> 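What follows is a structure written as structure tokens; I'll ask about it next.
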Amino acid sequence: MLGVVAGSLAGCSSSGGRSVTIYSGRTSDLIAPVLDRFAEESGISVDVRYGDSPDLALLIDQEGDRSPADVFLSQSPGAIGYIDSKDLLATLPASTLDKVSRRFRASDGDWVGVSGRVRVLAYNADTIDAARLPVSVYDVTDPKYRGRVGIAPTNASFVDFVSGMREATSDARTLNWLEAMKANDVQSYPNNIAILDAINRGEIDYGLVNHYYNEQAKAEDPGIATENHVFPGGDIGALILVTATGILKSSDNTSEAEELIDFLLSKQAQRFFADETFEYPLAAGVRPSVEDLPPLAEIMSPRLELSSLGDFFKTTRSLIQQAGLEGS
């Protein structure tokens, strides 16, 4: 599993002698411009190791106090929650934590969210009547949706969503939902982008994805047919997930690491997440760039303790496999 992690560090150059190493679960296109700007403005050189968040979390756990990483940037709260549960993260300064709502940071102060995304049901607006969309993610197991819904069962956000369902309900109900999806001929894809492409090809009508993938696709091609549906009424299908970051206790570059995290929460970095990746900025005072995005405060997402998703980090994948979804 660890073999898929990038084997070398990519560097963001600077003219100074200070440096910081970040393990990034975000891909280069989603974070490198921000890291480049930080290196340029701070004079701190940034070495980056890219990989999937779960793989990087397991690598950090394996490396322990020997890890060269100073900062972990996780695409998913489950992965960083797992690292936190291993007591590998240092408590962040209050001045850093206070930039973000308590809802989107660790209760123990060991990590902070930098951007947010909402789980949604993407659908083909050319063929689907918006007035007849399901009101709950549990409804898509109905036979009328047979073979028409796509998921990405190995995707970190889907795994976090399933972990959220486990926390909000129970393992038994979650496994029942997963097995019902399998029985209803749910279609599996490698990632959210593939799901949206399948909807636009007419291969499926619906897909469980993160909201920003459709916003990115619409920015590139305003004529695409897909739209986002946010499940109402506090449904677990509208779970809000965050990209989160923290500093390793083993870091020898704590000052540089704190500067980097503060930069990720700065107005210019938050504007990048809003304008370029179409996510929700989480630092106070920065608004989303997409006008039709409902404010986070108005989304009736279940109020889960996001750190606790780390408790399900390893076992949720097994539950998904038990239902016969991975690799299907």
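It should be emphasised that the depicted structure is a prediction, and the values quoted were computed from it without experimental measurement. What you see below is based on every heavy atom in this structure, not just the backbone, and it leaves out hydrogens, waters and symmetry mates. Each residue takes its place number in the sequence, starting with 1.
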> Roughly how far, to the nearest 0.5 Å, is CG of Leu175 from CE of Met165?
11.0 Å
> Name the residue from Ile204, Ile151, Asp197, Val209 that meets the side-chain contact (heavy atoms from CB on, under 4.5 Å) definition with Tyr189.
Ile204
> Hey, what do you get for CG (Leu260) to CD1 (Ile247), rounding to the nearest 0.5 Å?
8.5 Å
> Looking only at non-hydrogen atoms, find the nearest pair between Ala323 and Leu178 and report the distance.
CB-CB, 3.5 Å
> Taking all non-hydrogen atoms of both residues into account, name the closest pair between Pro134 and Leu121 and its distance.
CG-CD2, 3.6 Å
> What do you reckon, is CG of Asp252 surrounded by more than 12 foreign heavy atoms closer than 6.0 Å?
no
> Working to the nearest 0.5 Å, report the span between OG1 of Thr277 and CZ of Phe272.
6.5 Å
> Taking all non-hydrogen atoms of both residues, which atom of Asn200 and which atom of Thr226 are closest, and how far apart?
ND2-CG2, 3.4 Å
> So Glu63 and Pro68, do their side chains get closer than 4.5 Å, heavy atoms only?
yes
> Less than 4.0 Å between a side-chain N and a carboxylate O, is that true for Glu279 and Arg26?
yes
> State, with a plain yes or no, whether a side-chain heavy atom of Leu264 is found less than 4.5 Å away from one of Phe38.
no
> Relative to the ring of Phe158, is the ring of Phe161 parallel (under 30°), tilted (30 to 60°) or perpendicular (over 60°)?
tilted
> Is there side-chain contact between Thr27 and Tyr50, with heavy atoms separated by less than 4.5 Å?
no
> Indicate, with yes or no, if Ile195 and Ile224 share a hydrophobic cluster defined by side-chain heavy-atom contacts under 4.5 Å among Ile, Leu, Val, Met, Phe, Trp and Tyr.
no
> What I want to check is whether the side chains of Glu203 and Gln187 have a donor and an acceptor closer together than 3.5 Å.
no
> Any sub-3.5 Å donor-acceptor pair from Trp177's side-chain atoms to Val137's backbone N or O?
yes
> From Asn155 CG over to Asp52 CG, what is the distance, rounded to the nearest 0.5 angstrom?
9.0 Å
> Using 0.5 Å steps for rounding, measure from the OH atom of Tyr212 to the CG atom of Leu30.
6.0 Å
> Using the side chain to side chain contact (heavy atoms under 4.5 Å, CB included) rule, take Leu59 and Arg49 through it: C-alpha gap first, then chi angles, then the decisive distance, then the call.
CA-CA 11 Å; Leu59 177 60; Arg49 183 166 193 160; 3.9 Å; yes
> Mind listing the closest non-hydrogen atom pair of Val46 and Ala39 along with its distance?
CG2-CB, 4.2 Å
> Under the side chain to side chain contact (heavy atoms under 4.5 Å, CB included) rule, what do Tyr23 and Ile83 come out as? Steps first, then yes or no, please.
CA-CA 12 Å; Tyr23 281 13; Ile83 291 301; over 6 Å; no
> Does the side chain of Tyr206 come within less than 4.5 Å of Val140's, by heavy atoms?
no
> Provide the closest heavy-atom pair for Ala69 versus Leu248 in the form atom of the first, atom of the second, distance.
O-CD1, 3.2 Å
> Count the heavy atoms of every other residue, nucleotide or ligand shown that sit under 6.0 Å from CZ of Arg201, and state whether that count exceeds 12.
yes
> Between the side chain of Ser188 and the main-chain N/O of Ala152, is any donor-acceptor distance below 3.5 Å?
no
> Determine yes or no for a side-chain-to-main-chain donor-acceptor pair under 3.5 angstrom, with Lys99 supplying the side chain and Leu265 the backbone.
no
> Determine, using the 4.5 Å side-chain heavy-atom cutoff (strictly less than), whether Ile236 and Phe312 are members of one ILVMFWY cluster.
no
> With a 4.5 Å limit on heavy-atom distance, are the side chains of Ile128 and Arg148 in contact?
yes
> To the nearest 0.5 Å, what is the distance between CG on Asp87 and OG on Ser85?
9.0 Å
> Step by step, work out the side chain to side chain contact (heavy atoms under 4.5 Å, CB included) result for Asn253 and Ile44.
CA-CA 11 Å; Asn253 302 298; Ile44 298 171; over 6 Å; no
> Just checking His211 against Tyr280, ring centres under 6.0 Å apart?
yes
> Contact between Arg271 and Val286 at the side-chain level, heavy atoms closer than 4.5 Å - yes or no?
yes
> For Ser251 and Asp70, work out which heavy atoms get closest and say how close.
OG-OD1, 2.7 Å
> Charged N to carboxylate O under 4.0 angstrom, Asp160 versus Arg119?
no
> Under a 3.5 Å cutoff, is there a donor and acceptor pairing between the side chains of Thr96 and Asp262?
yes
> So, the side chain of Gln270 versus the backbone of Leu282: is there a donor-acceptor pair under 3.5 Å, distance only?
yes
> Are Pro281 and Pro288 side-chain neighbours, meaning at least one heavy-atom pair lies under 4.5 Å?
yes
> Please determine whether side chain to side chain donor-acceptor pair (under 3.5 Å) holds for the pair Ser250 and Ser67, giving the CA-CA distance in whole Å, both sets of side-chain angles, and the decisive distance to 0.1 Å.
CA-CA 7 Å; Ser250 57; Ser67 180; 5.4 Å; no
> For a 4.5 angstrom cut-off between non-hydrogen side-chain atoms, does Arg166 reach Thr315?
yes
> Answer yes or no: is there a donor N or O on one side and an acceptor on the other, between the side chain of Ser45 and the main chain of Arg18, under 3.5 Å?
yes
> Does any pair with a residue in residues 126-145 pass side chain to side chain donor-acceptor pair (under 3.5 Å), and if so which ones, sequence neighbours excluded?
Ser136-Asp235
> List the residues meeting side chain to side chain donor-acceptor pair (under 3.5 Å) with Ser101, not counting sequence neighbours, and say none if there are none.
none
> Under the side chain to side chain contact (heavy atoms under 4.5 Å, CB included) rule, what do Leu73 and Val114 come out as? Steps first, then yes or no, please.
CA-CA 9 Å; Leu73 179 67; Val114 298; 4.2 Å; yes
> Quick one: does Asn184's side chain have a donor or acceptor within less than 3.5 Å of a partner on Val186's backbone?
no
